[in-house]
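Whatever order the structure lists them in is the order used to number ligands and atoms, beginning at 1.
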Amino acid sequence: MNIRIATNRDLSDVQRVHLCTFPEGEREIVSTLAMNLLLKKTTPKTISYVAEIDGAIVGHIAFSPVRLDSNEGFQGYILAPLGVKPDYQKHRIGTKLIKYGIKTLSAMGINVVFVYGDPKYYGRFGFSAEAAHPYTPPYKLQYPLGWQCIVLNEIDIENKPVAITCVASLCDPQLW
Ligand SMILES: CC(C)(COP(=O)(O)OP(=O)(O)OC[C@H]1O[C@@H](n2cnc3c(N)ncnc32)[C@H](O)[C@@H]1OP(=O)(O)O)[C@@H](O)C(=O)NCCC(=O)NCCS
């Protein structure tokens with residue numbers, strides 16, 4: 001299995017990963033998000049990786065930047081979406097994509113990586129709801145316990161709830 005940066009040429013494969021991975025009702029919006037994150041330039045840059053086996057794309061992960069309006073020095077990212085094609089699940093591909101991304105972001109000096117997902121899965125990688133407590137997500141969450149983060153490089157933040165701002169592609173309440 002090989003992990004590499006995704007490019008515009010991977011658009012339809014990335015779309016397919018999420019269309020065949022997420023359940024009815026979520027697959028359209030998640031695959032559109034994955035494509036938008038690949039297409040739309042952001043500052044700092046959005047990072048998308050694909051996992052390939054024998055030249056075929058079987059998994060995808062994206063990390064896009066988040067800001068704290070109250071702290072310009074804060075460098076954060078959010079992990080979304082992540083998908084591994086059903087036939088390839090449970091072979092640690094998701095684990096490798098997450099660990100690869102976190103290692104890269106840590107080396108870049110990123111302070112915090114957020115995720116909104118199943119704590120039973122993301123808890124394995126050190127994400128925790130407790131660590132995310134000071135950070136207010138951009139929309140009201142259907143599953144507040146799914147809001148988690150991992151601190152990669154410590155930073156002092158104010159001792160009160162701070163709002164995070166996402167890239168435009170994630171500014172859709174249906175995704176939260
Ligand atoms: C979640 C997902 C990315 C995991 O990818 P994967 O390559 O199968 O993951 P890994 O092989 O690294 O890890 C598999 C383990 O995670 C567990 N797991 C997968 N999804 C889980 C979940 N939602 N909650 C808890 N555990 C989960 C598996 O049961 C397996 O456990 P085991 O190691 O004890 O056998 C993949 O199942 C997927 O694409 N699911 C549908 C889309 C999705 O839910 N994406 C995440 C959105 S938050």
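- Side chain of N8 to backbone of L39: no donor-acceptor contact under 3.5 angstrom is found.
- Taking every heavy atom of T21 and a limit of under 4.0 angstrom, the matching atoms of ligand 1 come to 38 (C), 39 (O), 40 (N), 41 (C), 42 (C).
- A distance of 13.5 Å separates NZ of K45 from OG of S64, quoted to the nearest 0.5 Å.
- Put simply, CG on N111 and CE on M108 are 11.0 Å apart, with the number rounded to the nearest 0.5 Å.
- Ranking the protein heavy atoms by distance from atom 40 (N) of ligand 1 puts Q89 NE2, 3.6 Å first.
- Close approach of ligand 1 to G117 is summarised as follows: ligand atoms under 4.0 Å from at least one heavy atom of the residue are 48 (S).
- Y121 and F125 have perpendicular rings, their planes meeting at more than 60° on a 0 to 90° scale where under 30° would count as parallel.
- The shortest contact between atom 39 (O) of ligand 1 and any protein heavy atom is with V84 N, 2.9 Å.
- To the nearest 0.5 Å, the span separating CG on L37 from CD1 on I61 amounts to 12.0 Å.
- Side-chain atoms of T32 come within 3.5 Å of backbone atoms of E28 as a donor-acceptor pair (strictly under, hydrogens ignored).
- A tilted orientation is assigned to the rings of Y139 and W176, their planes being inclined by 30° to 60°.
- What sits closest to atom 12 (O) of ligand 1 on the protein, heavy atoms only, is T95 OG1, 2.4 Å.
- Looking at Y116, Y88, Y121 and measuring to atom 21 (C) of ligand 1, the nearest heavy atom belongs to Y121.
- Compare E26, R92, K90 by their heavy atoms: the one nearest to atom 8 (O) of ligand 1 is in K90.
- Not a single heavy atom of H18 sits under 4.0 Å from any atom of ligand 1.
- Closest of all the heavy-atom pairs between G109 and Q75 is O-NE2, 3.7 Å.
- The distance from ligand 1 to the heavy atoms of H91 drops below 4.0 Å at these ligand atoms: 11 (O).
- By the salt bridge (charged side-chain N to carboxylate O under 4.0 Å, His left out) test, D13 is found to be paired with R16, residues two or more places apart in sequence or in another chain being considered.
- Of the protein's heavy atoms, L82 O, 2.9 Å lies nearest to atom 45 (N) of ligand 1.
- With respect to atom 33 (O) of ligand 1, the closest heavy atom belonging to the protein is R124 NH1, 3.2 Å.
- In terms of protein heavy-atom proximity, atom 24 (N) of ligand 1 is nearest to D118 OD2, 3.0 Å.
- For ligand 1, the atoms closer than 4.0 angstrom to any heavy atom of I93 are 7 (O).
- Side-chain atoms of E26 never come within 3.5 Å of backbone atoms of E24 as a donor-acceptor pair (strictly under, hydrogens ignored).
- Put simply, CG on L97 and NZ on K99 are 12.0 Å apart, with the number rounded to the nearest 0.5 Å.
- Residue contacts with ligand 1 for K96 are absent, since no atom lies close enough (heavy atoms, distance under 4.0 Å).
- The G83 neighbourhood of ligand 1 comprises atoms 39 (O), with distances under 4.0 Å to a heavy atom of that residue.
- Of the protein's non-hydrogen atoms, G94 N, 2.8 Å is the one closest to atom 7 (O) of ligand 1.
- Atom 43 (C) of ligand 1 has its closest protein heavy atom at F22 CZ, 3.6 Å.
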